[in-house]
Q: 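After the structure tokens below, expect a handful of questions from me.
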Amino acid sequence: MKKIISVVGARPNFIKIAPIHKSFQKYKGQIRHLICHTGQHFDEKMSKIFFDDLKMPKPNFYLGISGGSHAVQTARIMIEFEKILLEEKPDLVIVPGDVNSTIAASLVAAKLHIPVAHVEAGLRSFDRKMPEEVNRVLTDEISDYLFVTEKSGLTNLKNEGVNNSKIYFTGNVMIDSLVNFMSHINKSKIIDNLALKQGNYILATFHRPSNVDEEENLSQLIEVINKISKVRTVVFPIHPRTRNNINKFGLSKKLGNSVIILDPIGYIDFLSLTKNAELVVTDSGGIQEETTFLGVQCITVRDNTERPITTEIGTNHLIGTDFNKAFLVSKLILDGNKKPGRIPELWDGKASERIVEIVYQSLFI
Ligand code: UDP
């Protein structure tokens with residue numbers, strides 16, 4: 001029996017590993033797929049609800065590491081994860097995405113000569129000020145299997161001189177979750193519960209440090225959300241990082257009455273809100289992909305994207321960080337200037353099956 005440990009830490013990781021775990025069940029007599037949760041996101045609304053919504057089993061290992069600076073968090077995950085690897089001696093470690101858990105786990109595994117598979121390899125924003133970019137570049141460098149979601153990833157890895165034999169264009173596991181849970185998403189009651197009209201509201205999410213960590217930026221961002229909410233109802237589920245900063249800077253009273261403020265919401269309800277929105281305004285990575293798949297217009301308030309396919313053929317409008325532009329482009333889109341959008345290659349709900357097949361072949365054949 002071969003043993004594989006997948007490492008998850010933050011909200012997007014749970015969504016990416018759920019379909020992989022499901023696909024490994026095909027080989028459950030030959031491969032034991034275990035899940036290690038580092039604890040980076042730990043509470044009910046950022047963690048537990050995802051395990052429930054995505055029908056994932058309880059993690060086999062829980063490291064309980066949250067908070068602290070990037071260095072403290074990464075180092076503590078490394079210390080605890082090393083103990084697990086020494087005890088369990090898995091045949092492969094799988095790391096998704098670009099969070100601190102991703103680089104911490106892959107670094108420990110690589111030093112113990114345990115092969116590492118990076119799911120969502122090759123994405124690049126080319127902005128090394130983003131902690132996620134540093135995590136991506138370094139994880140790719142020490143991984144043995146690079147599973148790529150979009151063609152830009154193939155080009156980036158090639159340009160970095162990565163050996164072709166490690167690179168696999170498998171598609172997007174985030175979309176696998178969407179496809180797997182579409183019938184649940186269609187049954188969500190969130191639209192009715194919030195008294196929204198289908199296709200007649202805007203969904204907003206913000207959590208990137210560059211947008212929410214400085215008082216001036218966050219204050220301007222809230223002003224723009226208020227301004228947009230004069231045109232359409234805005235639903236704003238607030239990420240804990242953003243919520244903490246709103247409280248720290250005393251900005252909570254600034255949020256206008258026509259904005260529906262929510263805590264972070266579970267996967268099924270969130271995707272229902274996304275699917276039925278007229279427009280999504282965000283700085284998230286994953287949401288750029290989900291809106292492109294769903295054909296929903298998306299404004300990304302960032303200077304760059306590591307997911308360029310969503311702007312090239314999808315419905316994503318990358319507008320930079322001049323927040324007023326978010327208002328202007330929102331108005332244009334609401335007035336009918338919409339991108340038609342196509343679904344990128346291999347975003348077909350079968351990426352995790354392809355990944356599991358490659359892993360199986362390499363472990364057994
Ligand atoms: N998401 C959710 N509830 C929320 C906000 C987001 O379920 O309130 C989901 C959504 O599917 C999104 C994913 O969490 O794609 C990851 O979101 P996040 O923006 O936190 O991470 P990023 O993709 O920017 O790393």
Q: Give a yes or no on whether a salt bridge exists between D91 and K3, defined as a side-chain N under 4.0 angstrom from a carboxylate O.
A: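 So D91 does not pair with K3 through a salt bridge.
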Q: Between the side chains of K83 and E80, is the shortest nitrogen-to-carboxylate-oxygen separation below 4.0 Å, so that they form an ion pair?
A: yes
Q: F50 vs F14 aromatic rings, parallel, tilted or perpendicular, using cut-offs 30° and 60°?
A: tilted
Q: Inspect the contact between D98 and R136 and indicate whether a charged nitrogen and a carboxylate oxygen are less than 4.0 angstrom apart.
A: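 A salt bridge is present here (some side-chain N lies under 4.0 Å from a carboxylate O).
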Q: Counting only heavy atoms not in K254 (residues, nucleotides, ligands), do more than 12 fall under 6.0 Å from its NZ?
A: yes
Q: How long is the span from the CG atom in N172 to the CG atom in D348, to the nearest 0.5 Å?
A: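 Reported to 0.5 Å precision, the distance equals 10.0 Å.
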Q: Does a side-chain heavy-atom distance below 4.5 Å link N100 with H70?
A: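 Yes; the side chains approach each other to less than 4.5 Å.
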Q: Can a salt bridge be assigned to the pair R241 and D213 using a cut-off of 4.0 Å between side-chain N and carboxylate O?
A: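 Here R241 pairs with D213 in a salt bridge, since their nearest N and O are under 4.0 Å apart.
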Q: CZ/F51 to CD/E44 distance, rounded to the nearest 0.5 angstrom?
A: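 Nearest 0.5 Å value for the CZ-CD distance: 12.5 Å.
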Q: Just how far is it from atom NZ of K22 to atom CG of L54, taken to the nearest 0.5 Å?
A: 11.5 Å
Q: What's the spacing between Q73 CD and I65 CD1 if we round to 0.5 Å?
A: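 Interatomic distance, Q73 CD to I65 CD1, rounded to 0.5 Å: 8.5 Å.
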Q: Hey, does V231 have a side-chain heavy atom less than 4.5 Å from the side chain of F327?
A: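 Sidechains of V231 and F327: in contact.
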Q: Any donor and acceptor pair, going by atom type alone, linking the side chain of T305 with main-chain N or O of R307 inside 3.5 Å?
A: yes
Q: Answer yes or no: is there a side-chain heavy-atom contact under 4.5 Å between L346 and R354?
A: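 The answer is yes; the side chains approach within 4.5 Å.
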Q: Does either side chain, that of K275 or that of N186, offer a donor lying less than 3.5 Å from an acceptor on the other one?
A: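 Yes, a side-chain donor-acceptor pair sits under 3.5 Å.
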Q: Could you give the distance from CD1 (I309) to OG1 (T149), rounded to the nearest 0.5 Å?
A: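 I309 atom CD1 to T149 atom OG1 measures 9.0 Å (nearest 0.5 Å).
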Q: How about R32: does its CZ atom have over 12 heavy atoms from other parts shown lying under 6.0 Å from it?
A: no
Q: Working to the nearest 0.5 Å, report the span between OG of S219 and CZ of F323.
A: 10.0 Å
Q: Ion pair present between R208 and E132, side-chain N to carboxylate O less than 4.0 angstrom?
A: yes
Q: Would you mind reporting whether V235 and L262 have side-chain heavy atoms less than 4.5 Å apart?
A: yes
Q: Please determine whether a side-chain nitrogen of the Lys or Arg among D140 and R124 lies less than 4.0 Å from a carboxylate oxygen of the Asp or Glu.
A: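 Yes, this pair counts.
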Q: In terms of heavy-atom contacts, does NZ of K338 have more than 12 from other residues, nucleotides or ligands at under 6.0 Å?
A: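 Count over threshold, so yes.
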Q: Measure up the H41 and H239 rings against each other and bin them: parallel (under 30°), tilted (30 to 60°), perpendicular (over 60°).
A: perpendicular
Q: Whether D52 and K48 form a salt bridge (side-chain N of Lys/Arg under 4.0 Å from carboxylate O of Asp/Glu) is what I want to check.
A: yes
Q: Where does the angle between the aromatic ring planes of F181 and Y267 fall among parallel (under 30°), tilted (30 to 60°) and perpendicular (over 60°)?
A: perpendicular
Q: Give a yes or no on whether the backbone of L86 and the side-chain of K89 come within a donor-acceptor separation of less than 3.5 Å.
A: yes
